[in-house]
Amino acid sequence: MMSSQDAPSWLRELVERAVEKCSFAREKFAKYAGGKVFAFEYSDLGVSYELEFGEDGSVRVHWSPTGRSRVTISAPSQVWDGIFSGKILPADAYVRKELTLKGDAESFMKAVSIVPDLITAYSAAKEELEKGVSVPVKAERFRYVNVCEAYADFTVNLRFEDIPESAVKAAKDQLLNILAATFAGARTKPAQILAETVRAWGDREESSVFGFNFKTSMRAAAFVNSCNAVNLDYDDHILTCHAGVSAVPTSLAVGEALDASGKEVLTAQIIGDEIEARIVQATWDSVIKGQVLSGPPHAIGAAAITARLMGLSKKETMEALGIAGSIACMPCVAGFFGPDSKHLVAGVPVVNGIVAAQLARNGFYGSYEIFESLPMPFSFPSVVAVPSTPDYTKLTKGLGERYLIEEIAHKPYAVCGYFTSTVDCLFEIIEKYDVKPDEVESVNILLPELSMNARWSETMGVDIETLRNRRYYVNLEFFVPYAVAMVLIDRELTAEQYKEEKYLNPKVHELMRRVTFSADPELTELTNKSKEGGLLLGSKVTVKLKDGREYHARVDKATGSPGKPFPIEEKFRREAGKHLSKSTVEEVIQLVERLESASVRELVELLTS
């Protein structure tokens, strides 16, 4: 490496000025980096220098190697310039292999803790050199803002009045849709077990369990309602993020307990949606996709929602997010595709998120670097994205400017969203040609490669003997031959099609055996191109009759997708109508329309009447 005399004068002056400006972070440097020496390398210039952090928080620069450096951070000068200007996140540079790190894990974690403050000092020094005038260190202006801080800023400062009307409309649709799914799920046996279990806990009565009309603690109510919302896969998704099953139950449970206004509940719900959707958008390109991936973001979303409704400060909200991220739950595949434990995929993380906010309010600390701790293999994003690499740029991209809830897809049928378009195709063929199940010789389905991931359900048993022995239906929600059989027989696919008399009917299984499905390159390409907007999950269906006739249908954009809505009010009337009077159902629909001018307790009173 070059000597100090060979280093460019601009670099020496930048580093030395930055070191002078580090005094604002003496306490933090003493705590996290005291006694450490870190090396910084400009790889394209062949220049390396070391920063030595004293036990008193002082910082010294060494242009000649001391041999005591435990961590070396290397990047080209252009990348360093982008980092100091706030245009490049260090984590992004690392993922793109533009920035490299060498050293032991303990020292690396120390370095990660002080990087934001170093960037603050370097940014001020850089601007000072460019302007030729003295520039003070101003944390609000120069401080490197990490993801946790960005989420906390958004959570604390978002005003309902600043949210576009289209996003508010989407949130109201989501609220009504998730309530419909919750009421449908509440009529199942697993829901009864959940309700009985939670009721026996004897928690403080502060929030309502829908469909069972009893009160419990807000975390327990959110737990049961969330489990029931996801029960039949009858919910919604933003890309593959099933945010609604945590955002709505958490907002309502915490909002009811705190007597929040409808306006605040809607704002909190949207905050949860926006944060969860971005986490999934940044990490979803993995072998493990869909709801299996949504578990950890549910905890973060629930923590943000609870923090907002509790009125936590920015610092307390950052603590809550850090705590929630550290205890986020990722379900195993065997526990998801098949048994009742699938219903816990959002409920358990929601409890963790609510508890995280309660702990933060009482002074409990979490990690502010929970999102940025790559390359350590157990950072929050890397765990969620396994086995792929997360795209850190999407964690905060457009936050507060582009509302991803506007790209939400609501499910008109009780089935995995990968197969909504398949059901659309079948209904199109049935309505045109009045096809009867006894007439069907075979059904062939072509799907995007992404939709084929649901074949995991086959490994958990979809045959009649397994279903008879275990008496659970979850794997059928992800098994497209079952959806096809039920639509052909009942011409409907709602909660009613997952009752025992349906899935144990031999005629259903005989018809299932006539269904084949495989991946289609054209549909796969359409799906891959749609990842930045409303996700396209299309289908091509061919129904062959025993007399030789064939009927074809193709749907690229499923019903319920952005730009292709269905009447969510009708879904709510159908599912809530089995629990509430007809007049009450209509009152709920009307109240949701004007929720920003009502209280959440008004809504809950109707939902539990």
Please test Lys169 against Asp173 for side chain to side chain contact (heavy atoms under 4.5 Å, CB included), starting from the C-alpha separation and ending with a verdict.
CA-CA 6 Å; Lys169 173 64 166 62; Asp173 287 345; 2.8 Å; yes
In Å, rounded to the nearest 0.5 Å, how long is the span from CD of Glu256 to CG of Leu607?
9.5 Å
Kindly give the heavy-atom pair with the smallest separation between Ala303 and Ala357, and that separation in Å.
O-CB, 4.0 Å
Could you tell me whether Glu602 atom CD has more than 12 heavy atoms of other residues or ligands within 6.0 Å of it?
yes
Do you know which two heavy atoms are closest between Leu321 and Cys148, and how far apart they sit?
CD1-O, 3.7 Å
Is the shortest side-chain N to carboxylate O distance from Lys263 to Glu161 below 4.0 Å?
yes
Is it the case that more than 12 heavy atoms not belonging to Phe160 sit under 6.0 Å from its CZ atom?
yes
So how far is it from Arg219 CZ to Arg204 CZ, rounded to the nearest 0.5 Å?
8.0 Å
In terms of ring plane angle, is the pair Phe38 and Phe53 parallel, tilted or perpendicular, where the classes change at 30° and 60°?
tilted
Arg308 versus Leu158, closest heavy-atom pair with distance
NH1-O, 2.7 Å
How many angstroms lie between CE in Met218 and CD1 in Ile354, if you round to the nearest 0.5 Å?
6.0 Å
Would Glu41 and Ser48 count as having a side-chain donor-acceptor pair, cut-off 3.5 Å?
no
Looking only at heavy atoms, which two atoms of Leu312 and Glu316 are closest? And how far apart?
CA-OE1, 3.4 Å
Short question: side chain of Ser69, backbone of Ala39 - any donor-acceptor pair under 3.5 Å?
yes
Could you check if a side-chain atom of Asp235 sits within less than 4.5 angstrom of a side-chain atom of Lys411, using non-hydrogen atoms only?
yes
Determine, stepwise, if the pair Glu319 / Tyr368 fulfils side chain to side chain contact (heavy atoms under 4.5 Å, CB included).
CA-CA 7 Å; Glu319 306 291 2; Tyr368 295 171; 2.7 Å; yes
For Ala324 and Gly353 the tightest heavy-atom approach is CB-CA, 4.4 Å
Taken to the nearest 0.5 Å, the spacing of Ile275 CD1 from Cys241 SG works out to 11.0 Å
Non-hydrogen side-chain atoms of Thr182 and Val248 separated by less than 4.5 Å:
no
At their closest point, which heavy atom of Ala304 faces which heavy atom of Thr155, and how far apart are they?
O-CG2, 3.3 Å
For Tyr365, does the OH atom sit with more than 12 other heavy atoms under 6.0 Å from it, leaving out its own atoms?
no
Arg60 side-chain N/O to Glu52 backbone N/O, donor-acceptor pair under 3.5 Å:
no
I'd like to know if the side chain of Gln269 reaches the main chain of Ala171, judged simply by a donor and an acceptor atom lying under 3.5 Å from each other, with no hydrogens or angles considered.
yes
Are Leu118 and Leu51 close enough that some pair of their side-chain heavy atoms sits under 4.5 Å apart?
yes
Can you list the steps and then say if Asn228 with Leu194 is a side chain to side chain contact (heavy atoms under 4.5 Å, CB included)?
CA-CA 9 Å; Asn228 291 344; Leu194 284 165; 4.0 Å; yes
Do other residues, nucleotides or ligands put more than 12 heavy atoms under 6.0 Å from Lys315 NZ?
yes
Would you find a donor on one side and an acceptor on the other, under 3.5 Å apart, between the side chain of Glu264 and the backbone of Ser261?
no
Taking Ser207 for its side chain and Ala253 for its backbone only, find out whether a donor-acceptor pair lies under 3.5 Å.
yes
Under 4.5 Å between any side-chain heavy atoms of Arg402 and Glu407, yes or no?
yes
Any salt bridge between Glu130 and Lys126, counting N to O under 4.0 Å?
yes
Which label fits Tyr49 and Tyr42: parallel for a plane angle under 30°, tilted from 30 to 60°, or perpendicular past 60°?
tilted
Between the side chains of Glu27 and Lys31, is the shortest nitrogen-to-carboxylate-oxygen separation below 4.0 Å, so that they form an ion pair?
no
Derivation and outcome, side chain to side chain donor-acceptor pair (under 3.5 Å), residues Glu276 and His298
CA-CA 7 Å; Glu276 289 188 39; His298 289 317; 3.0 Å; yes
Taking 4.0 angstrom as the limit, do Glu274 and Arg278 come out as a salt bridge?
yes
Okay, side chain of Asn225, backbone of Phe210: is any donor-acceptor separation there less than 3.5 Å?
yes
Would you please test Leu175 and Leu603 for side chain to side chain contact (heavy atoms under 4.5 Å, CB included) and show each step?
CA-CA 11 Å; Leu175 175 57; Leu603 176 61; 4.2 Å; yes
Check whether any side-chain heavy atom of Thr396 lies under 4.5 Å from a side-chain heavy atom of Tyr151, and answer yes or no.
yes
Main-chain N/O of Ile327 paired with Asn352 side-chain donor or acceptor, under 3.5 Å
yes
Lys342 side-chain N/O to Val230 backbone N/O, donor-acceptor pair under 3.5 Å
yes
Parallel, tilted or perpendicular, as decided by the 30° and 60° cut-offs, for the rings of His242 and His237
tilted
Thr120 vs Phe24 side-chain heavy atoms within contact, under 4.5 Å
yes
Return the CZ to CD distance between Phe84 and Glu127, rounded to the nearest 0.5 Å.
14.5 Å
Backbone N or O of Val79 within a donor-acceptor pair of the Glu98 side chain at under 3.5 Å?
no
Decide yes or no for Ile163 and Ile270: does some side-chain heavy atom of the first lie under 4.5 Å from some side-chain heavy atom of the second?
yes
Student check: side-chain heavy atoms of Ser326 and Ile370 closer than 4.5 Å:
yes
Separation between CG (Leu309) and CG (Leu258), nearest 0.5 Å, reads 6.5 Å
Can a donor-acceptor pair be found, under 3.5 Å and without considering hydrogens, that links the side chain of Lys172 to the backbone of Glu593?
yes
Is Arg68 salt-bridged to Glu50, going by a charged N under 4.0 Å from an acidic O?
no
